[in-house]
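Here is the structure we will look at, set down as structure tokens.
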Amino acid sequence: AAKSTGRGKAMLFEPEMRADAQRRASMLNHARRATEERRIEPFYQPKVLLSTGELAGFEALLRWRDPHGVLQLPSAIQAAFDDPRFAVAMGQQMQERIISDMRQWLEAGLEFGHVAVNASAAEFRRGDFAERLLDQLRIAEVPTRYLEVEVTETVFVGRGSEVVEQALQTLSAKGVRIALDDFGTDYASLSHLKKFPVDVIKIDQSFVRDLTSNPDDAAILMAVLALGRSLGLTTVAEGIETAAQAGFLQAHGCNQGQGYLFGRPAPRDLTVDLISLWKPRL
Ligand code: C2E
Ligand code: MG
Ligand code: MG
Ligand code: MG
């Protein structure tokens, strides 16, 4: 856009563009080194059944340590999730660790429900994503029903969407559940729910945040819950921080909830305690 508005304007944007490029390069560099040095690990955040407060499962969220050992969020290496050179290696390391954790939990008789992993479009567009994941599960002897894969609607659009569709069909046919993450924020194209084998819709936290004060958000939530119900999908709301939000969602038939009210993302060792000591919390 800067180009078409003439030379002067383009010049004006240049320093800003250079800063962006530098930030991006720094993110990619951090992601590459963290992956190589195995400073990436999954944290687990509980998901509860809103009807009873029982543990439904967990979402695995990427955490990484910077070269000083300080724990960092995914947003600090955001650019790496969109670049296949980095996203694939990072994802594989996450999946390896998650499957190994599930293996140990199964051996210990811990009832963790399921683990949902996030996968980016860049990972999915690699033709072998589904096969690799299924191979890893098989080798670790973790039944596919323990795994859920979260994708955002961005994986459905643009180049490579046939590859994505094939991968989702393969996973789904083998019993891995597919969740549509951040539902309502990007395309919210209802045809995606028909075309792709989606089992779960995760309602984005932006609709949950002001749910009790913003009637529009409440209306959208109720409509999405009704849609999920009539399509036979499991509905999950993320970002639940207050009992009032949980109460509303429960009253309107949302199946599962996730958020600081129930638990923050935690490292594996704490998660083991959480699973064995879980008391219905509502
Ligand atoms: P997401 O998949 O939508 O994950 C939910 C985000 O909401 C997480 O942020 C989680 O920590 C945060 N959250 C959970 N409960 C609450 C709450 O009650 N209040 C608030 N304010 N936030 C809450 P996080 O861990 O920083 O992850 C951000 C995003 O990074 C994720 O959004 C996901 O898109 C991406 N991501 C995380 N791990 C992975 C991964 O292993 N692979 C890929 N491709 N993406 C990942
Ligand atoms: Mg997610
Ligand atoms: Mg989400
Ligand atoms: Mg989100």
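Keep in mind that what you see is a predicted model, and the values were worked out from it rather than measured. All ligand and atom numbering here is 1-based and tracks the order in the structure.
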- line: Those residues at least two apart in sequence (or on a different chain) that pass side chain to side chain donor-acceptor pair (under 3.5 Å) with Arg229 are none
query: What part of Lys202, side chain, backbone, both or neither, has a heavy atom within less than 4.0 angstrom of ligand 1?
result: neither
task: Give a yes/no verdict on whether any heavy atom in Arg209 is under 4.0 Å from an atom of ligand 1.
output: no
message: For Pro74, which part has a heavy atom under 4.0 Å from ligand 1: side chain, backbone, both, or neither?
response: side chain
- prompt: Judging by distance only, is a nitrogen or oxygen of Phe81 under 3.5 angstrom from one on ligand 1?
  reply: no
message: Quick one: does any side-chain atom of Glu123 pair with a main-chain N or O of Ser120 as donor and acceptor, under 3.5 Å?
response: yes
message: Does either side chain, that of Asp182 or that of Thr152, offer a donor lying less than 3.5 Å from an acceptor on the other one?
response: no
task: For the Mg ion (ligand 2), state how many protein N, O or S atoms fall inside a distance shorter than 2.8 Å.
output: 4
Validation: residues 39-46 side-chain donor-acceptor distances under 3.5 Å, sequence neighbours left out:
residue, atom, partner, partner atom, Å
Arg39, NE, Glu37, OE1, 2.9
Arg39, NH1, Arg65, O, 2.4
Arg39, NH2, Glu37, OE1, 2.7
Tyr44, OH, Asp101, OD2, 2.6
Gln45, OE1, Gln258, NE2, 2.8
Gln45, NE2, Gly263, O, 3.0

field: Residue-ligand contact Met90/ligand 1, heavy atom below 4.0 Å
entry: no
message: When you compare ligand 1 with Arg63, is there at least one nitrogen or oxygen pair between them that comes in under 3.5 angstrom?
response: yes
query: Mind checking whether Gly91 has a heavy atom under 4.0 Å from ligand 1?
result: no
task: Kindly state each residue pair satisfying side-chain hydrogen bond (donor to acceptor under 3.5 Å, both in side chains) with at least one member in residues 18-30, sequence neighbours excluded.
output: Asp20-Arg23, Asn29-Arg32
- request: Report the member of Met94, Glu241, Glu123 with the shortest heavy-atom distance to atom 41 (O) of ligand 1.
  value: Met94
task: Consider ligand 1: state whether an atom of it lies below 4.0 angstrom from any non-hydrogen atom of Gly239.
output: yes
query: Does Gln104 CD have over 12 foreign heavy atoms under 6.0 Å away?
result: yes
query: Hey, which atoms in ligand 1 end up nearer than 4.0 Å to a heavy atom of Gly259?
result: 15 (N), 18 (O)
message: Between Val200 and Phe183, does the side-chain contact (heavy atoms from CB on, under 4.5 Å) criterion hold? Intermediate values first, please.
response: CA-CA 10 Å; Val200 179; Phe183 188 77; over 6 Å; no
Pair Lys47 + Glu148, salt bridge at N-O below 4.0 Å: yes
field: Arg103 (side chain) donor-acceptor with Glu141 (main chain) under 3.5 angstrom
entry: yes
- request: Mind checking whether Gln258 contacts ligand 1 via backbone (N, CA, C, O), side chain (CB onward), both or neither, at a 4.0 Å heavy-atom cut-off?
  value: neither
message: Does only the side chain of Asp181 get under 4.0 Å from ligand 1, or the backbone, or both, or neither? Count heavy atoms.
response: side chain
- prompt: Take atom CD in Gln169; do more than 12 heavy atoms of anything else shown fall under 6.0 Å from it?
  reply: yes
